[in-house]
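The structure displayed is predicted, hence computed values, not measured ones. Just so it is clear: chains get the letters A, B, ... in the order the sequence lines come, proteins before strands, and each one is counted from 1.
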Number of protein chains: 2
Amino acid sequence: MRQKPWPVGHRGKQDGKRAPGRPRSEQARQAILRSTLELLGTSGFAGMTIEAVAMRARVGKTTVYRWWPNKAALVADAFASDTIRQLHFPDTGSVRTDMSRQMRQLIKIFRSSRGRIVSAILAGGQNDKDLIAAFRARFLWPRRREAYATLRRGISRGELRRNIDKDLLLDSLYGPIYMRFLIQHAQLTPRFADRLCALVLAGARPHSK
Amino acid sequence: MRQKPWPVGHRGKQDGKRAPGRPRSEQARQAILRSTLELLGTSGFAGMTIEAVAMRARVGKTTVYRWWPNKAALVADAFASDTIRQLHFPDTGSVRTDMSRQMRQLIKIFRSSRGRIVSAILAGGQNDKDLIAAFRARFLWPRRREAYATLRRGISRGELRRNIDKDLLLDSLYGPIYMRFLIQHAQLTPRFADRLCALVLAGARPHSK
DNA sequence: TTAGATTCGATACTCGGCGTATTGGATTCT
DNA sequence: AGAATCCAATACGCCGAGTATCGAATCTAA
């Protein structure tokens, strides 16, 4: 997000020219991002320290601060670099099945070590607008765009009302998952995804006068 | 939560006896809790400092640490002492109206300065089990118990299925509010409460074969 | 080969907040 | 009076954020 611009001259490989000077170490960059994710998973946003990241990446603390202005920017970039490749929406011919399966995948991630990273970002984001904005841009919106398509298919098949508010519907499906994830007042299980899906989609059918 | 035990001898007013020594200053205690809430509202959990709390309460830093072992315990106690007196459930004869009105009240609080306190606690709670447990015990469960009664009335009136899972239903109603509150990806308006209520409760009616 | 530009890791530094220790004085008991 | 406990003030050690500086390494251009 707030990462410093790539140094002048390092214009990527499509341009043969390069500026003078020692080039940025790609190895160091990747090691820093990897260490950030690891420490974020074990210590959370508040517990993670830049010094520990540098130590684990076998890199000078200076090198971290040369490229990222502060902890939040580093975390946002690390999270973005880890773009979770799973979490795609299937197309089974049934909205209920499509959504339910994807929600099960999300719950699985929330319950894994990656969940710790997400909770660290959401927590840190309450005190850092850039961080929560990075979460939305890199995680929420890309998946939501896919979800819109899934819902549109459901509408065209007559499984959902034509005039349904897609954002309202998606918040109703995912909000409860985020709530249980963050407040931890009840179990977050695959079965919960199914029952949640059944309840909410029942209210979104056509002719449900 | 993890507050130190009240000093031996300060047994409350039901017992006339008191231990020797200067009694704890009730005025200082209240000033500390009040300052904590104020600073929490303006600076968040991470930005709030104990020194600032002591300064604003015109109290020595030592006095804070004498009674609360750390920042999280202080914040949890301050939040508990502020038990929000509004947020009761009406009884209008319609589940939809009862829930919608209460959800509007919650949204109003989330959008006020108190919302900042709640988000600070939920954020800090991701790194502190005691803090999130305090939130559940002092805020979530008391209101949820009232909500159960509201739902039971709806069941007996035939507005809801007899076998409805109350926790699932309540999470479906409140989860989206918490999600929008924390992720801030969409407006959190009273109108949202109404439409959310309509969608979810439609899926909870009887005979919705 | 040399000069200039830039990155690297290492180290030392300042700053601020957390939490502890100490001290002198105030308050309330026996 | 004397003991016990609280109070505010102050000083302190510790740790991590972020800055400054250094010599060595790596690249381009001439």
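- Here the C1' atom of nucleotide C:dT23 and the CZ atom of B:Arg66 are 12 Å apart, to the nearest Å.
- Against DNA chain C, the stretch residues 32-39 of chain B makes no heavy-atom approach under 4.0 Å.
- B:Lys166 and B:Asp171 are not joined by a salt bridge, as no carboxylate oxygen comes within less than 4.0 angstrom of a charged side-chain nitrogen.
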What are the atom names and distances for every N/O pair under 3.5 Å that joins the protein to nucleotides 19-21 of chain D?
| from | atom 1 | to | atom 2 | distance (Å) |
| --- | --- | --- | --- | --- |
| D:dA20 | N6 | A:Thr62 | OG1 | 3.4 |

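- The ring pair (Phe, Tyr, Trp, His ring centres under 6.0 Å) check on A:Phe192 picks up nothing, with sequence neighbours excluded.
- Residues in residues 93-102 of chain A take part in these salt bridge (Lys or Arg N to Asp or Glu O under 4.0 Å) pairs, two or more places apart or across chains: A:Asp98-A:Arg153.
- When the side-chain hydrogen bond (donor to acceptor under 3.5 Å, both in side chains) test is applied to B:Asp167, the partners found at least two apart in sequence or on another chain are B:Tyr148.
- Taking every heavy atom of residues 48-59 of chain B and every atom of DNA chain D, pairs under 4.0 Å involve B:Arg58, B:Val59, by number.
- Checked against D:dC6, C:dG19, C:dA5, the side chain of B:Asn70 finds its nearest nucleotide in C:dG19.
- Across the protein-nucleic acid pair, B:Glu26 atom CD and D:dC6 atom P stand 14 Å apart, rounded to whole Å.
- Partners of A:Thr62 according to the side-chain contact (heavy atoms from CB on, under 4.5 Å) rule, which considers only residues two or more places apart in sequence or in another chain, are A:Arg66.
- Listed nucleotides: D:dC7, C:dT27, D:dG18. Nearest to the side chain of B:Pro23: C:dT27.
- Taking the side chain of A:Lys71 as heavy atoms from C-beta on, and the options D:dA17, D:dA8, D:dC6, the nearest nucleotide is D:dA17.
- Not one side-chain nitrogen or oxygen of B:Arg24 sits closer than 4.0 Å to the OP1 or OP2 atom of D:dT5.
- Contact between the side-chain N/O atoms of B:Trp67 and the OP1/OP2 oxygens of D:dC7 is found at a separation under 4.0 Å.
- Residue A:Arg22 contributes atom CZ, which lies 4 Å from atom C1' of C:dC8 at whole-angstrom precision.
- Geometric assessment of B:Arg29 against the ring of B:Trp67 yields a negative cation-pi assignment under the 6.0 Å and 45° thresholds.
- Every residue two or more places apart in sequence or in another chain was checked for a side-chain hydrogen bond (donor to acceptor under 3.5 Å, both in side chains) with B:Ser119, and none qualifies.
- Computed from coordinates, the B:Phe45 CZ to C:dC18 P distance equals 10 Å when rounded to whole Å.
- As rounded to whole Å, 15 Å separates atom P of D:dA17 from atom CH2 of A:Trp68.
- Listed by chain and residue number, nothing satisfies the salt bridge (Lys or Arg N to Asp or Glu O under 4.0 Å) test with A:Lys71 (two or more places apart in sequence, or in another chain).
- Counting only residues at least two apart or in different chains, salt bridge (Lys or Arg N to Asp or Glu O under 4.0 Å) contacts with residues 36-54 of chain A comprise A:Glu38-A:Arg56, A:Glu51-A:Lys61.
- With sequence neighbours excluded, the residues forming a ring pair (Phe, Tyr, Trp, His ring centres under 6.0 Å) with A:Phe110 are A:Tyr178, A:Phe181, listed by chain and number.
- Under the side-chain contact (heavy atoms from CB on, under 4.5 Å) criterion, A:Ala46 pairs with B:Asn127, sequence neighbours left out.
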